[in-house]
Amino acid sequence: MSLLTPTPKVCSWTQELDNPGSLATYVAHGGYQALRRIVTENVPADTIIAELKTSALRGRGGAGFPTGLKWSFMPRGFAGDKYIVCNSDEGEPGTFKDRDILRYNPHQLIEGMAIAGYVLGAKVGYNYIHGEIFEVYQSFERALEEARAAGYLGDGLFGTNFGFQLHAHHGYGAYICGEETALLESIEGKKGQPRFKPPFPASFGLYGKPTTINNTETLASVPWIMQHGGQAFLELGKPNNGGAKLFSVSGHVNNPGNFEVPLGTPFPELLEMAGGVRNGHRLKAVIPGGSSAPVLPADIMMDCTLDFDSIAKAGSMLGSGAVIVMDETVCMVRALERLSYFYFEESCGQCTPCREGTGWMYRIIHRIEHGQGRPEDLDLLNNVAGRIAGHTICALGDAAAMPVQSFLKHFGDEFAYHVEHKRCMV
């Protein structure tokens with residue numbers, strides 16, 4: 001069985017199954033055994049957290065924060081309600097892996113959340129699902145009904161005192177709700193805007209109670225670790241980067257899709273799995289971690305391995321693992337114009353640098369692309385981006401600024417050409 005189950009066209013084992021997302025299929029392949037063992041044997045929470053730390057499982061939603069360490073922040077002695085929240089608000093351009101977990105392997109996520117509830121003393125969990133994939137929300141609801149009917153969710157699991165309730169929460173497509181505190185505000189029925197931190201969710205989260213928030217792929221990795229051991233998971237990847245990871249490959253490749261490979265896999269191998277660059281063209285640039293990650297030119301990216309540390313050393317971020325491939329026909333000014341428009345539209349408007357700066361950057365890039373650029377615009381763009389990054393409540397400001405800064409750094413000659421010649425280089 002694959003670790004996480006990418007799409008059937010990519011993962012061979014799912015092609016052999018009639019209904020890979022069903023409870024019957026999941027149980028037949030060892031599903032819910034880890035949860036049963038942990039609950040019935042009353043495995044100490046510290047033992048499970050230690051196993052997660054050994055595994056070097058890092059957050060699969062973008063930040064790459066160590067999961068075991070994050071779980072250790074939860075005040076397990078707290079007497080009141082606590083919550084587990086799954087962030088399935090997959091709204092960043094280029095990212096489409098979590099929805100396939102929800103489609104093709106929802107029970108592994110359900111089991112992972114139930115284990116998290118056991119470890120952290122939370123009796124209730126919520127899975128916040130992006131609003132523009134309603135059919136995925138509906139299929140996850142069916143999986144929840146299956147799990148409840150079979151006794152894998154609810155009160156007194158496996159004849160013990162442990163109970164765990166899990167609910168799906170449907171968002172409405174706002175990118176800002178992928179930020180964890182904006183997500184909490186949305187679940188509470190408020191406008192989805194980020195909160196000031198501190199306090200952090202581990203002490204003041206959903207409904208003001210201690211809350212742990214993890215990404216879909218992160219939580220879905222937990223049952224495999226509990227079945228096979230943290231060391232086995234670590235050895236799938238490389239030091240400080242345990243396990244395999246799903247990569248969403250899109251753009252100018254012959255076979256776009258989700259691919260599950262060990263962390264530390266050389267990028268050229270992933271590119272080959274995706275069928276190589278389309279139409280025999282040359283690779284020009286790659287955004288390795290979703291649209292908010294800094295772009296890397298082909299010569300740098302082809303020397304990278306796919307793990308958090310190597311991509312960071314190269315000057316970008318692994319992020320969510322959304323790999324956007326661009327070939328030699330791409331106008332980098334036009335590409336950045338489209339990205340900047342997205343962040344301008346998706347800013348929640350709470351912070352002045354982001355509210356005003358994202359629109360300012362978009363308008364400058366728009367006029368450069370349309371033959372109205374001025375020589376001073378390139379310095380102005382860098383200046384505006386620098387005044388946004390690090391000056392907002394959440395990371396959306398950084399997400400808007402980093403592409404601008406990296407495009408100018410690596411492809412500044414194209415921007416200068418636009419300004420001088422009023423047209424594209426390509």
For [X], enumerate each residue passing the salt bridge (Lys or Arg N to Asp or Glu O under 4.0 Å) test, keeping only those at least two apart in sequence or located in another chain.
{"X": "Glu269", "value": "none"}
{"X": "Arg355", "value": "none"}
{"X": "Asp303", "value": "none"}
{"X": "Lys53", "value": "none"}

| request: Could you tell me whether the side chains of Ser88 and Tyr137 share a donor-acceptor contact shorter than 3.5 Å? | output: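 The answer is no; no qualifying pair exists.
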| task | For Glu146 and Ser22, test the side chains for any donor-to-acceptor distance below 3.5 angstrom and give the result as yes or no. | result |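 No donor-acceptor contact under 3.5 Å links the two side chains.
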Residues which pass side chain to side chain contact (heavy atoms under 4.5 Å, CB included) with [X], listed by chain and number, not counting sequence neighbours:
{"X": "Gln227", "answer": "Gln33, Ala34"}
{"X": "Pro199", "answer": "Ser203, Phe204"}
{"X": "Ala182", "answer": "Ile176, Glu179, Pro194"}

Please list every donor-acceptor pair under 3.5 Å in which a side-chain atom of residues 393-406 meets a protein atom from a residue at least two apart or in another chain.
residue	atom	partner	partner atom	Å
Asp398	OD1	Gly390	N	3.4
Asp398	OD2	Gly390	N	3.3
Ser406	OG	Val295	N	3.0
Ser406	OG	Met402	O	3.1
Ser406	OG	Pro403	O	3.1

| message | Assess whether a salt bridge exists between Glu135 and Arg103, defined as any Lys/Arg side-chain N lying under 4.0 Å from an Asp/Glu carboxylate O. | response |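 The answer is yes: the pair qualifies as a salt bridge.
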Answer whether the closest heavy-atom distance between the side chains of [X] and [Y] falls below 4.5 Å.
{"X": "Leu263", "Y": "Leu318", "result": "yes"}
{"X": "Met113", "Y": "Phe164", "result": "yes"}
{"X": "Lys82", "Y": "Lys209", "result": "no"}
{"X": "Val136", "Y": "Phe140", "result": "no"}
{"X": "Val333", "Y": "Tyr417", "result": "no"}
{"X": "Ile101", "Y": "Glu217", "result": "yes"}
{"X": "Tyr207", "Y": "Glu188", "result": "yes"}
{"X": "Asp377", "Y": "Leu381", "result": "no"}

| task | Look at atom CD of Glu132 and say whether more than 12 heavy atoms of other residues, nucleotides or ligands are closer to it than 6.0 Å. | result |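 Yes, the 6.0 Å shell around CD holds more than 12 heavy atoms from other groups.
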| task | Would you indicate whether Lys197, at its atom NZ, is surrounded by more than 12 heavy atoms from other residues, nucleotides or ligands within a distance under 6.0 Å? | result |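 Above 12, so yes.
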With distance as the sole test, does [X] use its side chain to make a donor-acceptor pair with the main-chain N or O of [Y] at under 3.5 Å?
{"X": "Arg99", "Y": "Glu90", "result": "yes"}
{"X": "His170", "Y": "Gly131", "result": "yes"}
{"X": "Asn255", "Y": "Gly275", "result": "no"}

| Aromatic contact, Tyr128 with His130 (centres under 6.0 Å) |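 No - the distance between ring centres of Tyr128 and His130 does not fall below the 6.0 Å cut-off.
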| message | With a 6.0 Å cut-off on the ring centroids, do Phe259 and Phe247 count as close? | response |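 No, they do not, as the ring centres are separated by 6.0 Å or more.
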| request: Return the set of residues passing ring-ring contact (aromatic ring centres under 6.0 Å, His included) with Phe411 (not counting sequence neighbours), or none when no residue passes. | output: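 In terms of ring-ring contact (aromatic ring centres under 6.0 Å, His included), with neighbours along the sequence ignored, Phe411 is linked to no residue.
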| said: Once ring-ring contact (aromatic ring centres under 6.0 Å, His included) is applied, do any residues pair with Tyr118, and if so which ones, sequence neighbours excluded? | reply: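 Once residues adjacent in sequence are excluded, the partners of Tyr118 under the ring-ring contact (aromatic ring centres under 6.0 Å, His included) criterion are Phe162.
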| salt bridge (charged side-chain N to carboxylate O under 4.0 Å, His left out) pairs, two or more places apart, involving residues 404-426 |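 Matches after skipping sequence neighbours: Lys284-Glu414.
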| message | Walk me through whether Leu184 and Ile213 qualify under side chain to side chain contact (heavy atoms under 4.5 Å, CB included). | response | CA-CA 9 Å; Leu184 297 180; Ile213 308 162; 3.9 Å; yes
| task | Please report the C-alpha distance between Tyr172 and Cys177 in whole Å, then the side-chain angles of each, then the deciding distance to 0.1 Å, and finally whether the side chain to side chain contact (heavy atoms under 4.5 Å, CB included) criterion is met. | result | CA-CA 9 Å; Tyr172 287 89; Cys177 287; over 6 Å; no
| query | Should Leu219 and Asn127 be marked as a side chain to side chain contact (heavy atoms under 4.5 Å, CB included) after you check the CA-CA gap, both sets of side-chain angles, and the distance that decides it? | reply | CA-CA 11 Å; Leu219 287 162; Asn127 183 17; over 6 Å; no
Cut-off 3.5 Å, no hydrogens considered: what does the side-chain donor-acceptor table look like for residues 320-332, sequence neighbours left out?
residue	atom	partner	partner atom	Å
Ser320	OG	Thr95	OG1	3.1
Asp327	OD1	His252	ND1	3.2
Asp327	OD1	Thr329	N	2.9
Asp327	OD1	Thr329	OG1	2.5
Asp327	OD2	Arg278	NE	2.7
Asp327	OD2	Arg278	NH2	3.3
Asp327	OD2	His281	ND1	3.1
Glu328	OE1	Arg282	NE	3.2
Glu328	OE1	Arg282	NH2	3.0
Glu328	OE2	Arg282	N	3.0
Thr329	OG1	Arg278	NH2	3.2

| said: Please give me the minimum heavy-atom distance between Leu35 and Tyr152, naming the atom from each residue. | reply: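 Shortest heavy-atom contact: CD2-O, 4.1 Å.
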| How long is the gap from CG on Asn382 to CG on Leu408, to the nearest 0.5 Å? |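 Reported value, rounded in 0.5 Å steps: 5.0 Å.
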| task | Using the ring pair (Phe, Tyr, Trp, His ring centres under 6.0 Å) rule, take Tyr175 and Phe342 through it: C-alpha gap first, then chi angles, then the decisive distance, then the call. | result | CA-CA 10 Å; Tyr175 174 71; Phe342 172 81; 5.0 Å; yes
| request: Begin with the C-alpha distance, continue with both residues' side-chain angles, and end with the deciding distance and a verdict on side chain to side chain contact (heavy atoms under 4.5 Å, CB included) for Leu378 and Ile368. | output: CA-CA 9 Å; Leu378 304 188; Ile368 294 173; 4.0 Å; yes
